[in-house]
Amino acid sequence: GEDVEQSLFLSVREGDSSVINCTYTDSSSTYLYWYKQEPGAGLQLLTYIFSNMDMKQDQRLTVLLNKKDKHLSLRIADTQTGDSAIYFCAESHGSSNTGKLIFGQGTTLQVKP
Amino acid sequence: EAQVTQNPRYLITVTGKKLTVTCSQNMNHEYMSWYRQDPGLGLRQIYYSMNVEVTDKGDVPEGYKVSRKEKRNFPLILESPSPNQTSLYFCASSLYPLYEQYFGPGTRLTVT
C-alpha cells in the first residue's frame, strides 16, 4: 500500500545544516515533494523532484532521491531560525491520475540560536 | 494575488449541526482537493474534483460531502458533524492533478 514515513522531530543549531529524511513504499511514485508549514499557516511547496532524477538543488535546499531504497531527503544549508517549521514529505502517483498526495506525518524542525 | 481562500478560519460547533467550509481559488485551476490534518497522521485526502461537476472520494470521505458547481469554488459540507471530525482542514488546488498544489490557510474545526 501507499505509505510515507518521516521522523517526527529534528533539532539543529543556527548555521548548521539540517537533513530531514523520508521513506516511501510505492515504487510507482511520479513526483516527490517537500512542503513547509509554519505555525498557523497552510502548506507551502518548497521543492519537488521527478522520480527519474537523483538530485535537485535550489539555493539552500538540496533534495536527494534514492529510488532503490525509496528514500528521499531534504538538506537545508546554513539553517536559520526562520526555517523552524514542520516539513512534510509527499508523493503523488502518475498512474492513478487522481492528483492525490500521500503525506508523511511531518518533521518538526527546531532551530536553536 | 494568486491564492486559495478558506472560510471560516476557525469554527467551534456542536454535534449534528450542519456546517459548510468554503474554498475558493482565483487561478482558474481545474483540480481542487480537501485534506484533513491530524497529529501524527499528516494530511489525508477527503475528496477531490477534476473539474466542474466531477468529484470523487479520497481516503477518508465518510461524513463529508462536496460540490463543484463553479470552477473556482469547492465547498466542504458536514451534514451532521461529530467530534471525530475535529481537525484542521486544508483546501488545495492545481492547474491539473499532478501539477503543483496550492494550499489554503486552513480551517480549524472543533466539534463538541
Side-chain angles (χ1 to χ4, degrees), chain A residues 1-9 20-26 28-53 56 58 63 72 85-108, chain B residues 1-7 9-10 21 23-25 27 29-51 54-61 66 68 74 87-108:
Chain A
E2 309 154 339
D3 196 17
V4 178
E5 296 282 338
Q6 298 177 242
S7 53
L8 296 182
F9 187 78
I20 302 171
N21 294 302
C22 169
T23 58
Y24 59 97
T25 55
D26 193 334
S28 68
S29 295
T30 304
Y31 302 86
L32 294 131
Y33 305 86
W34 283 104
Y35 281 87
K36 177 183 181 182
Q37 183 182 32
E38 297 187 52
L43 276 73
Q44 172 196 357
L45 180 66
L46 281 179
T47 186
Y48 65 92
I49 190 168
F50 294 112
S51 58
N52 63 358
M53 296 169 65
K56 181 178 180 181
D58 184 1
V63 179
L72 183 74
I86 303 175
Y87 291 81
F88 289 94
C89 166
E91 61 169 352
S92 67
H93 301 264
S95 57
S96 72
N97 202 30
T98 66
K100 180 174 70 174
L101 296 177
I102 306 296
F103 285 86
Q105 309 94 313
T107 299
T108 298
Chain B
E1 180 191 354
Q3 60 182 349
V4 178
T5 56
Q6 294 179 229
N7 282 293
R9 294 289 313 277
Y10 302 91
V21 184
C23 172
S24 184
Q25 50 92 5
M27 296 168 278
H29 285 170
E30 291 194 358
Y31 181 86
M32 297 186 76
S33 180
W34 276 102
Y35 294 87
R36 60 177 288 174
Q37 181 182 11
D38 300 292
L41 295 177
L43 281 78
R44 294 175 292 168
Q45 191 182 54
I46 302 171
Y47 268 94
Y48 65 94
S49 170
M50 294 287 198
N51 213 325
V54 181
T55 63
D56 211 343
K57 297 176 181 178
D59 290 327
V60 288
V66 293
R68 188 94 182 271
F74 190 44
S87 188
L88 180 58
Y89 291 86
F90 288 101
C91 180
S93 75
S94 63
L95 187 59
Y96 299 116
L98 294 179
Y99 282 46
E100 174 184 353
Q101 291 193 24
Y102 294 81
F103 282 77
T107 295
R108 186 165 292 282

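Everything quoted here is computed from the prediction, not taken from an experiment.
- Residues A:Cys22 and A:Trp34 are in side-chain contact: their nearest non-hydrogen atoms beyond the backbone lie under 4.5 Å apart.
- Using a 30° and 60° split on the angle between ring planes, B:His29 and B:Tyr102 fall in the tilted class, from 30° to 60°.
- Contacts of A:Leu43 with chain B are made by both backbone and side-chain atoms, with heavy-atom separations under 4.5 Å.
- Distance CZ/A:Phe103 to CD/B:Gln37: 9.0 Å, rounded to 0.5 Å.
- Contacts of A:Gln37 with chain B are made by side-chain atoms alone, with heavy-atom separations under 4.5 Å and no backbone atom involved.
- Using cut-offs of 30° and 60° on the angle between ring planes, the pair B:Trp34 and B:Tyr89 is perpendicular.
- Heavy atoms of A:Phe88 lying under 4.5 Å from chain B belong exclusively to its side chain.
- Between A:Asp58 and A:Lys56 there is no salt bridge, since no side-chain nitrogen of the basic residue lies less than 4.0 Å from a carboxylate oxygen of the acidic one.
- Looking at A:Leu101, the atoms closer than 4.5 Å to chain B (heavy atoms on both sides) sit in the backbone and in the side chain alike.
- If you measure heavy-atom distances from B:Tyr96 to chain A, you find no contacts under 4.5 Å at all.
- For chain A, the nearby part of B:Arg9 is the side chain; its heavy atoms alone come within less than 4.5 Å.
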